[in-house]
Amino acid sequence: MWKYIIKRLVVMIPVVLIITIVGFVSMDSVGDPISSYFGKGQSGGMQGHEPTPAEIERVKVALGLDKPPVVRYFLWFKNVLQGNLGYTFTGRPVSEVILERLPVSIALGLSGIIIGCLGGIILGVIMARRQYSPFDYGIGVVNYIIIAIPEVCLGLFCIVLFCTTLHWFPTFGLNSPSAIPLTGWDRFFDQAKHLVLPSLILALPTTAAWSRFQRAAYLEVMRSDYVRTARSKGLSERVVAYRHTLKNALLPISTSSGNIIMGIFGGSYIIETLFTIPGIGLLTTNAFLAFDFNLMLSTSLLTTVMGSMGLLLSDIICVIVDPRIRYE
Amino acid sequence: MNRIVDNLLSSILPRRKNEPMPELPRREAPLLDFELSEEDTFFGSHVVSYGVMILKRFIRHRLALIGFAVLLIMVLAAIFTPVICRYSPTDININLLVNGLPAPPSAEHWFGTDNLGRDYFARICYGMRVSLLVGFGSTFIAFIIGIPIGCIAGYYGGKIDWIISRGMELVGAVPSLFLMIFFSAITGGGVIGTIFVIGLTSWTGHVRGVRAYFFSLKDQDFAQAAVSLGMSTPRIMFKHILPFSLAPEIVSVSGRIASNLTMETGMSFLGFGVQEPTPSWGAMLNNAREFIVTAPLLVLIPAALIALVSLSCNFIGDGLRDAFDPKTRV
């Protein structure tokens with residue numbers, strides 16, 4: 001098992017290398033960090049100021065742009081290995097910015113995964129146990145619509161309904177605007193309140209897809225011989241349903257967990273932008289909009305590593321859950 | 001009416017092959033589960049071509065037909081936009097604003113105006129043009145890239161297949177929306193740029209499907225016979241093996257149009273892809289987000305239209321899948 005994990009981790013290295021090289025080269029050949037530093041720098045920077053040649057030269061040296069791209073790639077990579085991700089255009093260390101944003105994204109993503117998976121499994125089991133009932137049909141129709149409609153539209157519909165019409169949730173941000181910054185539990189509850197709707201919207205497509213899978217898997221297991229055996233032994237319906245059927249019906253679902261982990265990170269771009277939640281997704285989109293070189297590279301690296309880890313994690317989950325799957 | 005509801009439900013719910021279908025009566029000949037008319041007879045015997053059969057099965061799928069009608073209306077409206085719209089989508093007219101806010105719908109401006117006083121109906125129509133163009137165009141590009149690569153990977157196997165598979169794994173390790181943001185930021189967006197960015201990042205699904213078919217078909221007798229007759233490799237690949245694997249790919253196209261349209265919406269919403277002042281539904285959502293409290297219609301109209309197109313494409317996809325699959329009863 002450990003051998004397998006280590007082997008997979010080693011395979012990840014060329015993936016990360018290739019993606020960072022492609023990213024570095026393409027950004028380098030197209031982007032113009034100097035002009036975006038002087039022109040489009042978000043805040044800080046030097047907005048609307050016509051730079052003199054000396055200033056350009058100074059910024060070039062400060063950003064390390066005076067060396068050829070190959071040298072800069074290896075320098076960047078060496079720094080990354082030492083934990084130094086460079087500086088943003090606003091002059092803050094990239095690693096500091098990312099560490100500040102990461103907990104927000106993880107809180108959002110994790111609550112999204114947990115709500116989505118639990119909701120999907122529970123709904124799927126109920127649907128399968130009451131096959132062809134109005135409940136089954138009703139949730140089936142809703143699932144179909146949720147899967148078909150893009151996340152942006154779903155999010156905007158929810159905002160209009162729950163935030164601006166019913167006023168159940170705050171519309172955007174992570175903290176309520178207040179004169180005195182909240183501390184301790186007040187701050188926690190305030191932020192939790194802001195994250196309820198985003199994580200629900202993040203979870204909705206997962207719930208819909210998983211309840212579909214779960215329904216199909218559960219129905220398949222219900223028809224198998226060992227379930228009939230368990231029933232004929234005289235076991236109670238409860239034991240048959242949860243010990244024998246549910247346990248095995250969860251197997252096929254574990255295969256798709258990797259896509260969901262990745263999907264949560266991919267989907268969070270839209271959700272974080274929708275609700276203006278300062279997480280990694282919003283950081284990434286803003287970095288690309290402003291062409292903030294170091295931030296772009298670091299977020300690409302982070303996304304690639306997270307994506308590969310998600311795929312690896314799902315494979316490991318499959319192997320642990322289903323002993324029939326062999327790993328090479 | 002009951003049959004429509006049955007069709008609706010059975011098309012929406014996931015269906016398994018072994019699952020009994022209590023609502024629908026079983027018939028003897030599943031392939032010809034529609035009425036044969038006089039025109040279908042040829043010297044006294046019933047003759048139906050494959051295309052006609054697929055068409056008849058598709059037409060029986062009511063939801064798919066509704067979806068097709070909706071999409072057809074939208075495509076026609078997109079083609080004839082200049083005739084329908086009285087206003088230009090980019091003409092700014094601050095005088096139309098009401099207290100500095102977007103004007104509500106009126107007889108003159110059906111959907112009101114946006115925050116710069118531009119006619120919103122015109123923007124929706126021209127935006128539909130752009131969004132549909134991106135959806136169809138990128139799907140087309142993905143199709144013509146993915147199918148040949150899938151053929152080559154599946155036919156040759158070995159090292160070529162290994163390289164292509166590793167390449168796809170590489171792309172699969174990154175969320176596709178991130179990939180699109182990345183390339184869009186580098187190429188600078190625009191309508192054509194967006195079409196290419198989405199098309200070039202979404203072809204891997206086609207490769208996977210075609211490759212799997214080629215693996216199972218290339219060693220069969222008819223393919224071997226073609227080889228022994230001395231046919232050229234492209235002819236064997238495209239004329240003899242590909243037709244068998246093409247049907248599922250064609251069926252998947254309408255779902256892909258929906259997902260590409262979703263991607264365009266997401267990208268433009270984030271500020272990449274199609275840029276102002278060119279209207280596209282995604283960019284309009286991004287622009288209208290600020291006015292979600294004061295003018296929710298600006299958000300709701302494009303969002304509802306995107307949802308409608310997406311749903312229609314999914315219905316069409318289901319209809320096509322059922323029509324092509326002889327095992328399902330329509």
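A note on names: the letters A, B, ... follow the listed sequences, proteins ahead of strands, and every chain is numbered from 1. Model, not experiment: these values are computed from the prediction.
The closest donor-acceptor contact from the side chain of A:Tyr144 to the backbone of B:Asn314 lies under 3.5 Å. Although no hydrogens or angles enter the test, the distance criterion places no donor-acceptor pair under 3.5 Å between the side chain of A:Thr164 and the main chain of B:Val293.
For CZ of B:Arg166, the number of neighbouring non-hydrogen atoms (other residues, nucleotides, ligands) closer than 6.0 Å is greater than 12. Counting non-hydrogen atoms of other residues, nucleotides and ligands closer than 6.0 Å to CZ of A:Phe169 gives a total above 12. Applying the 6.0 Å contact sphere to CZ of B:Phe68 captures no more than 12 heavy atoms from other residues, nucleotides or ligands.
Rounding to the nearest 0.5 angstrom, the gap separating the CE atom in A:Met296 from the CD1 atom in B:Ile181 is 10.5 Å. Taking CG of A:Leu156 as the start and CZ of B:Phe269 as the end, the distance is 5.5 Å to the nearest 0.5 Å.
In terms of heavy atoms, B:Phe182 sits closest to A:Gly23 at CZ-CA, 3.2 Å. Closest approach of A:Cys153 to B:Ala307, counting heavy atoms only: SG-N, 4.3 Å. Closest approach of A:Pro150 to B:Thr262, counting heavy atoms only: CB-CG2, 3.3 Å.
Side-chain contact between B:Ile306 and A:Val152 is absent, with no heavy-atom pair separated by less than 4.5 Å. In this structure, the side chains of B:Leu300 and A:Phe157 come closer than 4.5 Å at one or more pairs of heavy atoms. The closest side-chain heavy-atom distance from B:Phe272 to A:Leu289 is below 4.5 Å.
Interface with chain A: from residues 280-292 of chain B, residues B:Leu285, B:Arg289, B:Ile292 qualify, criterion being any non-hydrogen pair under 4.5 Å.
For the side-chain contact (heavy atoms from CB on, under 4.5 Å) with B:Leu270, the lone residue among A:Leu274, A:Thr284, A:Thr273 that qualifies is A:Thr273.
Per-residue heavy-atom pair counts under 4.5 Å with chain B were compared for A:Val16, A:Thr285, A:Ile149, and the maximum is reached by A:Thr285.
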